[in-house]
Asks: 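Supplied in structure tokens, the structure appears directly below.
Letters go in sequence order (proteins before strands), and every chain restarts at 1.
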Number of protein chains: 2
Amino acid sequence: MDSLDPSSDSAPAEGTRPTLKTIAFMTGLGVTTVSRALKDAPEIGEETKRRVRLVAKQIGYRPNRAGVRLRTGKTNVISLVLDTEEDLTGFVSDMIYGISETIAETPYHLIVTPYSRRNDPMDPVRYVVETGSADGIILSRTEPNDPRVAYLLEHHFPFATHGRTAIGEDHPFHDFDNRAFSAAAVRKLVELGRRRLALLPPPPDLTYHQHMRDGFSDAVQELGATEVAWSGISIDDPIDVIRAKTARLMRRADRPDGLVAASGGATFALVAGIEEAGLTLGSDVDVVSKQSSKLLRWYRPELWISQEDFRLAGREVARAVLGRIEGRPVAALQSLAAPGEVVSCRMPSTT
Amino acid sequence: MDSLDPSSDSAPAEGTRPTLKTIAFMTGLGVTTVSRALKDAPEIGEETKRRVRLVAKQIGYRPNRAGVRLRTGKTNVISLVLDTEEDLTGFVSDMIYGISETIAETPYHLIVTPYSRRNDPMDPVRYVVETGSADGIILSRTEPNDPRVAYLLEHHFPFATHGRTAIGEDHPFHDFDNRAFSAAAVRKLVELGRRRLALLPPPPDLTYHQHMRDGFSDAVQELGATEVAWSGISIDDPIDVIRAKTARLMRRADRPDGLVAASGGATFALVAGIEEAGLTLGSDVDVVSKQSSKLLRWYRPELWISQEDFRLAGREVARAVLGRIEGRPVAALQSLAAPGEVVSCRMPSTT
DNA sequence: CGCGACAGCTGAAACGTTACAGAAAAGACG
DNA sequence: CGTCTTTTCTGTAACGTTTCAGCTGTCGCG
């Protein structure tokens, strides 16, 4: 009964990776049947499916990604578009860990597509879309009218952003509630008796700059405090610049007695600047900072911090792209993370 | 003269990505010729090559990776195998940036293959080798007799390690000269008048634990200082544990007056522990620490630090895998980075 | 003039997968 | 008993690339 045609039914070579053909040969079925059995198609008999699955498991069959990709266009890849300038906060690694957690049980791989802030941020996005090198894209550092978002929407390419845009209803995102953070920070400072407050904000082009400003200004106004204008600075400035500008600010006659910092990394420079100006943290001035890594906690005991969880952000934003790829409605793929409570760094520990 | 056979010479559809067939159609050549022309094969005429290259550029041809991969088995992918436990030093992002720099001008993509320290570290490595999902692997956290290295050598799979093994001659690596670092650290402490020195080492299973110990012990002995034993601790311990253990150490009668710390993140906890024990940095005890991020610089002015450049490490280790993939001799793919000079954090700055 | 060498090109086949159209067997129904 | 339907399975083609073997025409050389 054996087929004598050597072209299609021959036994597969020994040392090579098993393919559908291997299973087909072992089960005596056709390649097509095996393919469908493995994806649990309704037109395959239960008994057959079990047999195929058993053999597949036994010989450790793993579908060849190149084959699938060539045939279907599906890459099973998520591209994380990353700005490769200094990352003082360590947010990138946490984000990657979070993304990894989400895609761990899926067939997706994570591929890092880097670009330099100094080049065109559109480059990596265009590259991925044009070459179809991923099924979905994760963006960070989003701007209110982000051209990358516009481009991706226009090309109907699945993506999710870390941070919102001005066209937020139309695409999946995950964001930290920076408005709530800065408002809570102001509240804490006022509670501490501070009245003249200033903000060390994110770079002005990013969306969350405005969120943080809004939360800050609204809370200041609502609580009857005063906002001390501090312009031409952001947490993305070089660390020495932040220190120098902070020192200059704190030497002004109208200096603030309360500061809110948008990132943990910048806070190191901020505090250094304060001390350089001869002022004492906790008595002359209080500082509330976001932190992502755990290190700020040990910097100065007088600091106040609120935690931002980038691992969570990674998990969420990955969930969002995957959802988008599967065609789920956008509304279900938007989430906001509440800031951690503003807590003191004064040793609350035992041991 | 037009071919009437519709099967192979038909015009390609309008909106789709250009393929070799597209170029073949436009130039009137065969697909094979186009393929060879683009890889500058000697059997294609110069004139033809120019023509093909021009058309390819004009229409923005980019080879389909899945096609290449399916046919040749070449993935053009480098896999970075990453432990997804906390990364306090931010070394992961810098490393990724460095790798990105090296592969930017190559066709390679970087894919992150995560695993948990709590699972089998062999899993990701086996996965990549078995599924052939990358052309090369980058490993970190290498151990003296690293089973992953043994496995990869055995399977003749290209890889490079960040950190050495006990079988270092046989594989490409890049490493930071931890021996030189700890020796320099000891030298600095002795120079500062310290005599009783202790080391906060890397985890004992990693290769560079021994390197750092060796440099430390040798220098201590050579300079006539005393080593204060401090066991059961490493920079990978939870930050609170490090603080608590440091406090305990510094309350001992035979406490050290000089400390060397193997990572910047751990130093935060180390210093916190010292201060918790009621001692003053710079007078009771001096600390020399490695740092990778720039933040430690601002932590305590009395600290001494030596820089480790993980971006450089990423560049080098990527160069090493690529070299291995191209079959270059191993000896040329091993490098050691000299530690940065041990410098004081006392503000040396102007402005 | 004949022959071989060579430059320059070509189509067919294959990599592993899935989509499509269809076939064989078995039961339902008149 | 014949026909129709359903279930279950099958072969072929195609995705885009490279490899293989081979073809054509030109030229050098005896």
Asks: Looking at B/Y108 and B/I103, what are the two nearest heavy atoms and their distance?
Replies: O-CD1, 3.8 Å
Asks: Tell me, which of residues 42-54 of chain B have any heavy atom that sits under 4.0 Å from an atom in DNA chain C?
Replies: B/E43, B/I44, B/G45, B/T48
Asks: Just by distance, with hydrogens left out, do A/T142 and A/T165 show a side-chain donor and acceptor under 3.5 Å apart?
Replies: no
Asks: If you compare every side-chain N and O of B/K21 against the phosphate oxygens of D/dG16 (OP1, OP2), does one of them come in below 4.0 Å?
Replies: no
Asks: Round to the nearest Å and state the distance from B/L70 atom CG to D/dT19 atom C1'.
Replies: 13 Å
Asks: With respect to A/I78, which candidate in A/I111, A/L322, A/T106, A/I137 satisfies the side chain to side chain contact (heavy atoms under 4.5 Å, CB included) definition?
Replies: A/L322
Asks: Please classify the nucleic acid contact of B/T72 as base, sugar-phosphate, or nothing, using heavy-atom distances under 4.0 Å.
Replies: sugar-phosphate
Asks: Taking CG from B/N64 and P from D/dC15, how many angstroms apart are they, rounded to a whole number?
Replies: 11 Å
Asks: Do the side-chain N or O atoms of B/S35 get closer than 4.0 angstrom to the phosphate oxygens (OP1, OP2) of D/dT18?
Replies: yes
Asks: C/dG11 phosphate, OP1 or OP2: any side-chain N/O from B/T32 under 4.0 angstrom?
Replies: no
Asks: Where the side chain of A/Y61 is defined as all heavy atoms beyond and including C-beta, which of C/dT18, D/dG16, C/dT17 is the nearest nucleotide?
Replies: C/dT17
Asks: Considering non-hydrogen atoms only, spot the tightest contact between A/L20 and A/Y61 and give its length.
Replies: CD2-OH, 3.4 Å
Asks: Need one value for A/G30: base, sugar-phosphate or nothing, where a base atom within 4.0 Å counts as base even if backbone is also close, heavy atoms only.
Replies: sugar-phosphate
Asks: Round to the nearest Å and state the distance from B/R36 atom CZ to C/dG8 atom P.
Replies: 13 Å
Asks: Is the distance between the ring centroids of B/F159 and B/H171 less than 6.0 Å?
Replies: yes
Asks: State which of C/dT18, C/dT10, D/dT17 makes the closest approach to the side chain of A/R71.
Replies: C/dT18
Asks: For the pair made of CG in B/L38 and P in C/dC9, what is the distance, rounded to whole Å?
Replies: 13 Å
Asks: Side chain of A/L20: nearest nucleotide among D/dG16, D/dT17, C/dT17?
Replies: C/dT17
Asks: Rounded to the nearest Å, what distance is computed from the CZ atom of residue A/R69 to the P atom of nucleotide C/dA19?
Replies: 17 Å
Asks: Would one find more than 12 heavy atoms of other residues, nucleotides or ligands at under 6.0 Å from atom CZ of A/R319?
Replies: no
Asks: Could you state the CZ-P distance from B/R65 to C/dC15, rounded to the nearest angstrom?
Replies: 23 Å
Asks: Regarding B/G132, tell me which of base, sugar-phosphate or nothing describes its non-hydrogen contacts under 4.0 Å with the strands shown.
Replies: nothing
Asks: Could you tell me the separation between the CG atom of A/D40 and the P atom of D/dC9, rounded to a whole number of Å?
Replies: 13 Å
Asks: Under 4.0 Å between any heavy atoms, over every strand shown, what does A/T19 touch: base, sugar-phosphate, or nothing? Just pick one.
Replies: sugar-phosphate
Asks: For the ring pair B/F310 and B/H174, is the centre-to-centre distance below 6.0 Å?
Replies: no
